[in-house]
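Below you'll find the structure, written out as structure tokens, and then a few comments.
All chains are named by letter (A, B, ...) in the order of the sequence lines, taking the proteins before the strands, and each is independently numbered beginning at 1.
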Amino acid sequence: MSFSHLGLSEKVLAAVAATGYTTPTPIQEQAIPHVLARRDVLGIAQTGTGKTAAFVLPMLTMLEKGRARARMPRTLILEPTRELAAQVKENFDKYGAGQKLNVALLIGGVSFGDQDSKLTRGVDVLIATPGRLLDHTERGGLLLTGVELLVIDEADRMLDMGFIPDIERICKLVPFTRQTLFFTATMPPEIRRITETFLHNPEKVEVSRPATTATGVSQFQVSVGREPHEKRETLRRLLRDAKDLQNAIIFCNRKREVALLYKSLQKHGFSVGALHGDMDQSARTAALDQFRKGEIPLLVASDVAARGLDIPAVSHIFNFDVPHHADDYVHRIGRTGRAGRTGTAISIVTPLDFKSIAAIEKLIGQTIPRADGGAPSGESRAAPPSGESRPAREREGSREGSREGSREHSRGGRKPRREREPRRSGGDRNSPPQPQVAAFTPPSAPPASRAPSIGRTPAPQPSQESSEPADHSHLPAFLLRPVRARI
DNA sequence: AAAAAAG
């Protein structure tokens, strides 16, 4: 199976080849020919399935002919969040490098004027979030009557976010005869209804979605009391003890909590970024960039980061707060274990969260093993602590690429288990000497007094005190904030 | 109960 017989242009094939991809994903293989045949497509797929390229590549092929007129974009892509919009833009930049295509990003939080002047010059591809797009159309700087192809991405999420009325308005502004590509991860009744009005005789393309959680993701829960500081202490300990932790997204339910936890982790010396919707767009972009590049290993985030964001190599997800919606849990932990990799997802659970956890377990059809000792409900303690994710590691065999290969293996302390030193050095070869390590030694301990948690792990945990004051001594170097403060 | 998106 290769890209070459899907009907893509030479230029696009060359661009794909240049990125190193050789085999289309199922959604790409199924959708691309239909898109090129100018059919409407109903795509049921989540991010991580290669969905974005499934529309970007054929669009690039189709756009090779013709050119844009002022204020009249030829194609329009709607995304629920600014970050997703930016991510799609990057795809056009990557695959469309050889084409002199005008691609514009219309999102909130950034200069309106720049966007307007770009529209004036004419754009082939407009990628937008609904609010800012409507802002432009209402001010008259944008005409959608020339749109030949409309992409509605992450439709179910737009529904959750209350965007559907906006989408309906936008759909009235584009020609009835346009081609429409509609992507959604799920098919709730409301979404089914709008597909009937937005799409004309669509080709349905469905890829087996990991309806719940990817198989390569080891999930655990850790019980704590309800005091905020207990959760923070527990998180720090989990971060210190996690095995194979390369980077992690730490989800909170509220923006305020994101800000708070971010500050707390910073105070404790962690190299951490934050991401939520009340931050400046520039700060959002910067945080995400740094996290993607590996400059910052930890990202505290609201659910703005829960869906769709494509960060291929997230090793750990922490739910600092258990999401109240089971769906959100699935989306959050979907940020790890991507592209066949393995990952670990750990939820910090207070007594207030039992109902949510029950709902989550029901949805995903499995129980989430406890990584801690005392199960308040008087249950087992089963699982290995935190990042152990033993099954994942064994399955894995060898780590992907050498990229950051050095970081893992850092665990110390615990049982030696399977020497892998030889491979380690191999893996390090290409990476810069990484400070690191010795780190994950079972640090001078979890607040042993603190009941819950991982405290009782196989490893003998010296019971000392971890007094709130920053105790960096046991942090893996890469988790540490550089001395010279960055901002 | 909260997040996101327009200001």
Practice task
Remember a base hit wins even if backbone is also touched, and classify A/Gly109 as base, sugar-phosphate or nothing at under 4.0 Å, heavy atoms.
Solution key: sugar-phosphate
Handout entry: Contacts of type side-chain contact (heavy atoms from CB on, under 4.5 Å), residue A/Glu64, not counting sequence neighbours
Key = A/Ser9, A/Lys11, A/Val12, A/Gln99
Practice task
Check every strand shown and say whether A/Arg332 touches a base, only sugar-phosphate, or nothing at a heavy-atom separation below 4.0 Å.
Solution key: nothing
Exercise for the section: Assign the ring pair A/Phe112 / A/His136 to parallel, tilted or perpendicular, where the plane angle (0 to 90°) is split at 30° and 60°. Expected result: parallel
Problem - ring pair (Phe, Tyr, Trp, His ring centres under 6.0 Å) partners for A/Phe92, two or more places apart - result: none
Exercise for the section: Pick base, sugar-phosphate or nothing for A/Asp166, based on heavy-atom distances below 4.0 Å to the nucleic acid. Expected result: nothing
Problem - Partners passing ring pair (Phe, Tyr, Trp, His ring centres under 6.0 Å) against A/His324 (at least two apart in sequence or in another chain) - result: none
Problem - Nucleotide range of DNA chain B lying under 4.0 Å from chain A heavy atoms - result: B/dA1 to B/dG7
Problem - Touch class at under 4.0 angstrom, heavy-atom based, for A/Arg82 against every strand present - result: sugar-phosphate
Fill in the blank from the handout: salt bridge (Lys or Arg N to Asp or Glu O under 4.0 Å) filter on A/Asp353, not counting sequence neighbours, yields none
Handout entry: Inter- and intrachain pairs under salt bridge (charged side-chain N to carboxylate O under 4.0 Å, His left out), touching residues 110-120 of chain A, at least two apart
Key = A/Arg71-A/Asp116
